[in-house]
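Report on the following structure.
This is a predicted model, so every value here is computed, not measured. Residue numbers run from 1 in the order of the sequence given. Read the numbers this way: they start at 1 and go in the same order the structure lists the ligands and their atoms.
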Amino acid sequence: MPSSTAPQRTALSVNVNKVALLRNTRHLGIPSVTRAAQLCLQAGAHGITVHPRPDGRHIRAHDVYELAALLRDWPGREFNIEGNPTQNLMDFIRSVRPQQATFVPDSEDQFTSDHGWSLPQDAARLAPLVAECRDLGVRVSLFMDPVPQAMAAARAVGADRVELYTEPYAAAWHDPAARAQQLARYRAAAEAAHAAGLQVNAGHDLNRDNLGDFLRTVPGVAEVSIGHALIADALELGYSATVQAYLRCIDAAFEGAEKS
Ligand SMILES: CC(=O)[C@@H](O)[C@H](O)COP(=O)(O)O
Ligand SMILES: NCC(=O)COP(=O)(O)O
């Protein structure tokens with residue numbers, strides 16, 4: 001592992017929810033979720049993310065277990081399972097023991113993830129679940145809005161990381177002034193997270209256009225988890241070329257940051 005002082009290159013975790021969404025529209029088993037994950041790992045992705053929502057709209061239980069088996073053949077690559085720990089997430093964590101659990105405060109019928117935890121209000125019910133994950137050797141990341149004042153509370157719950165919810169940044173990206181304003185928010189939140197002893201992940205609506213600006217501005221992003229836009233790109237470019245394009249975005253941002 002790189003030293004804790006040297007800046008680390010951001011890891012790319014590919015979220016394969018949308019492969020499962022397309023697969024579920026027929027009873028044919030294609031496109032294969034595990035094949036998609038394998039091709040992304042072969043192209044250099046550092047990990048795979050899934051969000052097995054209770055309604056099974058995309059990732060289903062068998063996908064979770066099949067991906068866990070696949071990732072056992074990829075030592076050093078990580079499995080990140082997202083979900084609401086007060087719903088179905090903990091059963092997967094107990095049986096699969098992924099490298100990372102990302103706690104997301106979604107309701108069962110939510111269209112998509114669109115907010116982070118409310119802390120300290122949610123702390124009392126999260127703390128024992130965080131402790132259980134850590135006792136199982138599973139790193140915990142809390143899905144959070146970029147609010148600097150909430151980061152100490154996230155750490156106090158026992159989380160190892162926060163995942164900054166990046167949709168507001170992505171929505172502002174096309175307007176340079178709004179983009180700069182959002183980037184300042186995320187930079188401040190990341191700095192507060194680091195000061196609280198947390199590592200920082202990021203995700204939601206990141207893509208090849210907006211990823212570089214984010215990584216050049218927000219310090220020390222350990223991992224980005226990207227699904228919707230990456231899978232959309234892969235429909236045009238293929239999984240391998242797409243993952244390599246996202247890795248080039250990360251490399252360019254990292255090398256740019258090193259020079260500055
Ligand atoms: C937590 C988050 O922002 C995403 O990882 C989430 O998995 C998106 O869920 P859908 O793919 O169901 O929109
Ligand atoms: N945690 C974010 C994630 O896994 C994927 O989000 P998106 O790229 O599908 O919006």
Quick one: does K18 get a heavy atom under 4.0 Å from ligand 1?
yes

Quick one: look up the protein heavy atom nearest atom 1 (C) of ligand 1 and list residue, atom name and how far away it is.
S113 OG, 3.3 Å

For atom 6 (O) of ligand 2, the closest protein heavy atom turns out to be H204 CA, 3.7 Å

My understanding is that only one of Q8, R161, Q199 makes a side-chain contact (heavy atoms from CB on, under 4.5 Å) with E223; could you say which?
R161

Take a 6.0 Å sphere around CZ of R35 and say whether it holds more than 12 heavy atoms from other residues, nucleotides or ligands.
no

Is any N or O atom of K18, backbone or side chain, closer than 3.5 Å to an N or O atom of ligand 2?
no

Determine whether the side chain, the backbone, both or neither of T102 has a heavy atom under 4.0 Å from any heavy atom of ligand 1.
neither

Closest approach of any protein heavy atom to atom 11 (O) of ligand 1, naming residue and atom
N17 ND2, 2.8 Å

Can you find a heavy atom in the side chain of V50 that is under 4.5 Å from one in the side chain of E82?
no

Contact partition for E163 relative to ligand 1, non-hydrogen atoms under 4.0 Å:
neither

Presence of salt bridge, R248 and D251, under 4.0 angstrom
no

How far is atom 3 (C) of ligand 2 from its nearest protein heavy atom, and which residue and atom is that?
S225 O, 3.4 Å

All heavy atoms of E78 vs all of R139, minimum pair found to be OE2-NH2, 2.6 Å

The test is salt bridge (Lys or Arg N to Asp or Glu O under 4.0 Å); show your working for R9 and E255 and say whether it passes.
CA-CA 9 Å; R9 197 175 297 251; E255 281 136 26; 3.4 Å; yes

Starting from atom 9 (O) of ligand 1, locate the nearest protein heavy atom and write down its residue, its atom name and how far away it is, to 0.1 Å.
R53 NH2, 2.9 Å

Atoms of ligand 2 close to G227 [distance to a heavy atom under 4.0 angstrom, numbered from 1]:
5 (C), 7 (P), 8 (O), 9 (O)

With heavy atoms only and a cut-off of under 4.0 Å, state how D205 meets ligand 2: side chain, backbone, both or neither.
both

Is there a donor-acceptor pair under 3.5 Å between the side chain of N84 and the backbone N or O of D106?
yes

How far is atom 3 (O) of ligand 1 from its nearest protein heavy atom, and which residue and atom name does that atom have?
H204 ND1, 2.6 Å

Can you tell me which residue and heavy atom of the protein come closest to atom 4 (O) of ligand 2, and the distance to 0.1 Å?
N15 ND2, 2.8 Å

Could you tell me whether a side-chain N or O of D122 sits under 3.5 Å from a main-chain N or O of S118, the two making a donor and an acceptor?
yes

Candidates D63, N17, I48 - the one meeting side-chain contact (heavy atoms from CB on, under 4.5 Å) with V33:
D63

Top protein contact for atom 13 (O) of ligand 1, by heavy-atom distance
T112 OG1, 2.5 Å

heavy-atom search around atom 1 (N) of ligand 2 in the protein gives E163 OE2, 2.5 Å

On a heavy-atom basis, which atom in V14 and which in V243 lie closest, and how many Å separate them?
CG2-CG2, 4.2 Å

Any N/O of H58 closer than 3.5 Å to an N/O of ligand 1?
yes

Ring centres of F103 and F143 under 6.0 Å apart?
no

Quick one: nearest non-hydrogen protein atom to atom 9 (O) of ligand 2, plus distance?
H228 N, 2.8 Å

Just by distance, do the side chain of T166 and the backbone of G203 share a donor-acceptor pair under 3.5 Å?
yes

In terms of ring plane angle, is the pair F214 and Y169 parallel, tilted or perpendicular, where the classes change at 30° and 60°?
tilted

Please work out, at 4.0 Å between heavy atoms, whether the side chain, the backbone, both, or neither of E82 comes within that distance of ligand 1.
side chain

Taking NZ, NE, NH1 and NH2 as the nitrogens, is one of them in R53 or D55 under 4.0 Å from a carboxylate oxygen of the other?
no

Any heavy atom of F143 under 4.0 Å from ligand 1? The part involved is side chain

Which atoms of ligand 1 are found less than 4.0 Å from any heavy atom of H51?
6 (C), 7 (O)

Ligand 2 N/O within reach of T49 N/O, cut-off under 3.5 Å:
no

Test D233 against Y246 for side chain to side chain donor-acceptor pair (under 3.5 Å), laying out the working first.
CA-CA 10 Å; D233 286 336; Y246 278 80; 2.7 Å; yes

Please verify whether a non-hydrogen atom of H51 lies at under 4.0 Å from ligand 2.
no

E167 and ligand 2 - part of the residue with a heavy-atom distance under 4.0 Å:
neither

Interfacing atoms of ligand 1 (cut-off 4.0 Å, heavy-atom, N15):
5 (O), 7 (O)

So the atoms of ligand 2 within less than 4.0 Å of a heavy atom of I226 turn out to be 8 (O)

